[in-house]
J.: 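First the structure, then my questions, so here it is.
The figures here come from the full heavy-atom set of this structure, side chains too, leaving out hydrogens, waters and symmetry mates. Lettering of chains follows the sequences in order, A, B, ..., and the numbering in each one begins at 1. Quantities reported herein were computed from a predicted structural model and do not represent experimental measurements.
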Number of protein chains: 2
Amino acid sequence: MSPPVTKQRILDAAEHLFARDGYHATSLRCITQAAKANLAAVNYHFGSKEALLEAVIVRRLTPLNEMRLGQLEALMQRAERSRRVPSCREVLRTFVEPTLRQRQKDSETGDFIALIGRTLAEPRGVAMTIFMRHMDPLMIKLFQALSLALPGLSQQLLFWRLHFAIGSLSHIMRCHERYSLRPEDVNIDLPVDELVELFLDFAAAGMEAQRWSV
Amino acid sequence: MSPPVTKQRILDAAEHLFARDGYHATSLRCITQAAKANLAAVNYHFGSKEALLEAVIVRRLTPLNEMRLGQLEALMQRAERSRRVPSCREVLRTFVEPTLRQRQKDSETGDFIALIGRTLAEPRGVAMTIFMRHMDPLMIKLFQALSLALPGLSQQLLFWRLHFAIGSLSHIMRCHERYSLRPEDVNIDLPVDELVELFLDFAAAGMEAQRWSV
DNA sequence: ACGAAATTAAAACGAACGTTTAAATCAATT
DNA sequence: AATTGATTTAAACGTTCGTTTTAATTTCGT
C-alpha cells in the first residue's frame with residue numbers, strides 16, 4: 001500500500017516554504033496550495049501548524065543524526081582499536097560530511113538543511129525547542145570526541161571553538177542566494193566533496209589554533 | 001529642544017522585539033505597547049512596519065560601519081607607511097572588535113547585533129535587502145584588505161573562508177540563551193575583550209589554514 | 001456490492017494583523 | 001489669547017491568519 005501521498009506532498013511543500021521564507025512568514029494556505037491539497041488537510045494530518053513543523057524537521061533529522069552518530073562511533077572504535085586518538089578533522093568530518101551531503105540530496109535545493117540553518121539562527125523560535133530535543137545526545141558525544149582529539153584544550157576553549165565552527169557550518173547550510181562581494185571568478189556551486197574539504201580546512205585549523213594571548 | 005522621545009522609544013522597543021522574536025513574529029501592537037505609544041504612532045513616524053525595520057537597522061549600522069571602516073583604513077595606512085602587509089588577524093580585528101563591542105553596549109543586551117545576526121540568517125527576508133545596501137562598500141574593502149594579508153590564497157578560497165568566518169561571527173552575534181552541551185564550568189558571559197581574542201584565534205587560524213588536499 | 005472508516009472538500013469561525021481616518025490634544029508663534 | 005502645525009488618541013478599515021465544523025467523497029475489508 002502506498003502511504004497517503006497528501007501527507008508527503010504537504011511535508012515537501014512545507015519544507016520548501018519554511019526554508020525559503022521562514023516559519024511565521026509562511027501560511028498554511030500557501031503550503032496547501034503548493035501541495036495541491038485542501039487547507040484543512042494540515043490540521044487533519046498533523047494537528048496544527050507547529051506540529052507540521054516538527055514533522056518536517058523530524059522526517060529528515062532522525063536519519064541524518066543516525067548517520068552522523070554511526071560515523072562518529074565507527075571512528076571512535078577504529079581509533080580505540082589502533083590505540084590512537086582521532087584527529088580533530090576526522091571527528092568534525094563525521095558531523096559535517098553527512099550534513100552537506102544531505103544538502104545536495106533533498107529536493108535538489110537543500111531545503112531541509114537550509115531550514116535547520118535558519119532554526120539555529122532563531123534561538124527563541126518554535127523550531128529551536130524541537131530541534132534541540134533531537135540534537136542534544138549527538139552533540140554531547142561530539143563534544144566528548146573533540147575533547148579526546150584536542151587534549152590540550154580546556155573545556156571552556158573547546159566549547160567556544162565548537163560554537164564558532166557550528167556557526168560557520170550553519171551559515172553555509174543556509175546556502176544564500178544573495179551574496180555580496182562575490183568576485184566574478186568565484187564558483188558558488190561547488191561540488192559537495194570540495195566544499196566539505198574547504199570547510200574542514202578552515203574549521204580544523206580554527207579548532208587547533210594556538211592561543212594568541214595567555 | 002529634546003527630539004520627539006516617542007520615536008526613540010519605538011525604535012528601542014522595536015529593536016528589542018525584532019531581535020528577540022524576529023520581524024514577522026513581532027506585531028506593531030506589541031511594539032507600541034512596549035514603547036508606551038499609540039498604535040498609529042509607527043505609521044505616523046515611520047510610514048510602515050518595514051520602514052521602521054530599516055530605521056532600526058540604519059540607526060546603529062551607520063555609526064558601526066563608520067567605525068569599522070575607520071579602523072580598517074587606519075590599519076591599511078599604517079601598513080603602507082611601514083611598507084609591510086597587514087596581518088590577517090589585524091584586518092579581521094577591525095571588523096570583529098567594533099561588532100562585539102557594540103554587542104555589549106546597546107541596551108545591555110546586544111539587541112541590535114542579535115538582530116543583524118538574525119538578518120544574516122534570513123537571506124530572502126525583508127531585512128536582508130536593507131542590510132546589504134549598507135554593508136556592500138565595507139565588505140568590498142574588507143575583501144581587498146584580506147587579499148593583501150593573505151597573498152597565497154586564491155580569490156575562490158578567500159571568498160569561502162571569509163564566508164565561513166562571517167558565519168562564525170554572525171552566530172555568536174545572536175548570543176543564544178539556549179545552549180546545549182554546555183559543560184558546567186564554561187563561562188558564557190565572557191568579557192568582550194576575551195571573546196574577541198578567542199574568536200580571532202579561531203578565525204585567523206582558519207583563514208590561514210594550509211589546504212589539506214590539492 | 002455494501003457499510004464503516006478514512007480522507008477530502010467547502011465554508012465559516014473568531015482573532016490578530018498592518019494600515020487609515022478623523023477627531024482630540026499639545027506646543028509654539030504671533 | 002488666538003491660531004497654526006505637530007503629535008497623540010481612539011476607532012474602525014479590510015485582509016489574512018490558524019483552526020473548526022459539517023458534509024461529501026473515496027477507500028477498503030467483508
J.: Taking ring-ring contact (aromatic ring centres under 6.0 Å, His included) as the test, write out the residues that go with F164(A), two or more places apart.
T.: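 ring-ring contact (aromatic ring centres under 6.0 Å, His included) check on F164(A) returns F199(B), F202(B).
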
J.: Does a side-chain N or O of T6(B) approach OP1 or OP2 of dT7(D) to a distance below 4.0 Å, or not?
T.: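 T6(B) to dT7(D) OP1/OP2: no side-chain N or O under 4.0 Å.
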
J.: Taking DNA chain D as the partner, which of residues 24-33 of chain A come within under 4.0 angstrom of it by heavy atom?
T.: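 Those residues whose heavy atoms fall under 4.0 Å from DNA chain D, taken from residues 24-33 of chain A in numerical order, are T26(A), S27(A), L28(A), R29(A).
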
J.: So if I take residues 34-44 of chain A and measure heavy-atom distances to DNA chain C, which residues fall below 4.0 Å?
T.: N38(A), A40(A), Y44(A)

J.: Taking CG from L53(A) and C1' from dC17(D), how many angstroms apart are they, rounded to a whole number?
T.: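 In whole Å, dC17(D) C1' and L53(A) CG are 17 Å from each other.
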
J.: May I ask you to say whether R78(B) pairs ionically with E90(B), meaning some side-chain N is under 4.0 Å from a carboxylate O?
T.: no

J.: F46(A) CZ to dT7(C) P: how many Å, rounded?
T.: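 So the CZ-P distance, F46(A) to dT7(C), works out to 12 Å.
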
J.: Look at the side chain of R161(B) and the backbone N and O of L153(B), then say whether any donor-acceptor pair between them is shorter than 3.5 Å.
T.: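 No, because the side chain of R161(B) does not come within donor-acceptor range (under 3.5 Å) of the backbone of L153(B).
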
J.: What verdict does the side-chain contact (heavy atoms from CB on, under 4.5 Å) test give for E73(B) and L69(B), after you've listed the backbone C-alpha separation in whole Å, the side-chain angles of each residue and the deciding distance to 0.1 Å?
T.: CA-CA 6 Å; E73(B) 287 179 338; L69(B) 187 59; 4.0 Å; yes

J.: Compute the bend angle of the helix from dA1(C)-dT30(D) to dT30(C)-dA1(D) from the end axes (five pairs per end), rounded to 10°.
T.: 0°

J.: Considering all heavy atoms of both residues, which atom of T26(A) and which atom of L17(A) are nearest to each other, and what is their separation?
T.: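 Smallest heavy-atom distance, with atoms named: OG1-O, 3.2 Å.
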
J.: Listed by chain and number, what are the ring-ring contact (aromatic ring centres under 6.0 Å, His included) partners of F131(B), not counting sequence neighbours?
T.: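 F131(B) satisfies ring-ring contact (aromatic ring centres under 6.0 Å, His included) with no other residue.
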
J.: Within the structure, does a side-chain N or O atom of H45(B) lie under 4.0 Å from either OP1 or OP2 of dA6(D)?
T.: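 So the side-chain polar atoms of H45(B) never come under 4.0 Å of the phosphate oxygens OP1 or OP2 of dA6(D).
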
J.: Can you tell me how far P of dC17(D) sits from CG of L52(A), to the nearest Å?
T.: 15 Å

J.: Give the nucleotide from the list dT8(C), dT19(C), dT8(D) with an atom nearest to the side chain of S48(B).
T.: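 Nearest nucleotide to the side chain: dT19(C).
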
J.: Salt bridge check, D12(A) against R59(A): does any charged N sit closer than 4.0 Å to a carboxylate O?
T.: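 A salt bridge is present here (some side-chain N lies under 4.0 Å from a carboxylate O).
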
J.: Nearest whole Å is fine: how far is dG18(D) P from L17(A) CG?
T.: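 Between P of dG18(D) and CG of L17(A): 12 Å.
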
J.: Under the side-chain contact (heavy atoms from CB on, under 4.5 Å) test, which residues partner V192(B), sequence neighbours left out?
T.: L100(B), R101(B), Q104(B), V196(B)

J.: R103(B) side chain to I172(B) main-chain N or O, any donor-acceptor pair under 3.5 Å?
T.: yes

J.: Rounding to an integer number of Å, can you tell me how far K49(A) NZ sits from dT16(D) P?
T.: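 Distance, rounded to whole Å: 15 Å.
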
J.: Using modelled atom types and a 3.5 Å cut-off, is there a donor and acceptor pairing between side-chain atoms of R20(B) and backbone atoms of A114(B)?
T.: no

J.: Does one side chain, of R174(A) or S170(A), offer a donor that lies under 3.5 Å from an acceptor on the other?
T.: yes

